[in-house]
Structures are given as structure tokens and as C-alpha cells.
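Here's the structure we're looking at; comments come further down.
Counting starts at 1 for both ligands and their atoms, following the listed order. Because only heavy atoms are used, hydrogens play no part in the values below, and waters and symmetry mates are left out as well, while side chains stay in.
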Amino acid sequence: MKKLAFVLALPVIVVIFLAIYFAGNSSTKGENVKMSNRNLFINASQNRNGNTAKLAKDYFGNQKYKQINLIDYDIKQLGQVKGTDDFEKVRSEIEEAENIVIGTPVYWSDMTGLLKTFIDRHELVDERYNDKNIKIIVQGSGPTDKEIKAISHIIEHFSERFGMEYRGVIK
Ligand SMILES: Cc1cc2nc3c(=O)[nH]c(=O)nc-3n(C[C@H](O)[C@H](O)[C@H](O)COP(=O)(O)O)c2cc1C
């Protein structure tokens, strides 16, 4: 009797096992991962795991994202570029992404120099970042609304110039 019950239950067990297997696979392959791999966080802080990075982590939650730290790249000031530096490397990360979050601490009431230099270096860029959207994180020890507004205005200006959809400040 026990043996018969087992034989009858076996196909059900196999079906459940296969369903779990394929469900697990579909959440780690294809669309989901492709979508989530296209979340890019550009950290403009000098700290790779500082307050800016923590806020981005909170924002993305359990979504996958790629973090790049501008501090790890050699991006020269306009007028100081000789040969190639890392500007195109960082730019290509934007081209591959879909959802972009730029995070900056407030330094002297403004965005960091790392971020400003990266934006300035777009002077000679003709390509557009169409179909990408952008949000920003601005944080500091006590940033004023005026400072946050001024910084977000620059990012909005940058977004418009390069055809991105500006989605505002992450609160
Ligand atoms: C050079 C410098 C200037 C700063 N100026 C400001 C400022 O004007 N307003 C402010 O709210 N915080 C200011 N801060 C504080 C940082 O924005 C704050 O510590 C921030 O959380 C650092 O982020 P991080 O941990 O990602 O580096 C300044 C920090 C530094 C290093």
C-alpha cells in the first residue's frame, strides 16, 4: 500500500521539483537580470562605502546594480587632457546602463569636483543618452534646500543636453 502511494506521488514530486527548478532559473536568467544589470550607480564621493554609497544601497534595495566610484578613475580636468584617460571608460558605463543614479556628497555647498569634472568633460561628446533615465542622491552633514536645488539643476541641465529623462532627487 505504502509502495503504491509512493509510485502515485512520484510524478507529482517530479513536477513540483521541475517547477521549482525552472522558476528559480527564470529569476536568475534573461529579462530580470538583464534589466537589473542595467542599474548603474555613479558614486562621486571620495569614499567608496561612505554615506552616499549607503543611500544608493538603500535606494536599490534588493534590485541588482553596478556601482562605479569616480575616485577609481583618472579623469583629467578640461584643458589638462593629454592622450587618453579614463573618461571614455566611465562614459561607456552610462551607454550600457538604463537607470542611472548619480550620488554626490555636498562639498562647499556644491557637488564634488569629481562629478563636476566628469560633467565638464562632456564638452566634446556628441552622442546622446536617449532612453535612459537619471536620478540623483545629494547628501551632506547639513545641506540646505538651496544647495540641493542648485545641484539638481545642474544634473537636470546635463540630462536635457544629452537626451536623458531626469527623474529628480532621491529623498
Ligand atoms: C571638502 C568637504 C566639504 C564639505 N562641505 C559640506 C557642505 O558645504 N555642506 C554639507 O552639508 N556637508 C559638507 N561636507 C560634509 C559631507 O558632505 C558629508 O560628510 C557627507 O556625508 C560625505 O559623504 P561620503 O560619506 O559619501 O563621503 C563637506 C565635506 C568635505 C570633505
Inset, instruction - Answer yes if V125 and I154 sit in the same cluster of Ile, Leu, Val, Met, Phe, Trp and Tyr residues linked by side chain heavy atoms under 4.5 Å apart, and no otherwise. - result: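 V125 clusters together with I154.
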
Legend entry - Note: D58-K54 ion pair, threshold 4.0 Å (strictly below):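 Result for this pair is no, no salt bridge flagged.
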
Should the pair [X] and [Y] be assigned to parallel (<30°), tilted (30 to 60°) or perpendicular (>60°) ring geometry?
X	Y	value
Y129	H122	perpendicular
H157	H153	tilted
F60	Y65	parallel

Inset, instruction - Examine the side chains of Y107 and Q46 and answer whether a donor and an acceptor come within less than 3.5 Å of each other. - result: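 The criterion, which ignores hydrogens and geometry beyond distance, is satisfied for Q46 and Y107.
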
Inset, instruction - Compile the protein residues with any heavy atom at a distance under 4.0 Å from an atom of ligand 1; present them by chain, then by number. - result: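 Close residues (ligand 1, cut-off 4.0 Å): S45, Q46, N47, G50, N51, T52, P105, V106, Y107, W108, S109, Q139, G140, S141, G142, P143.
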
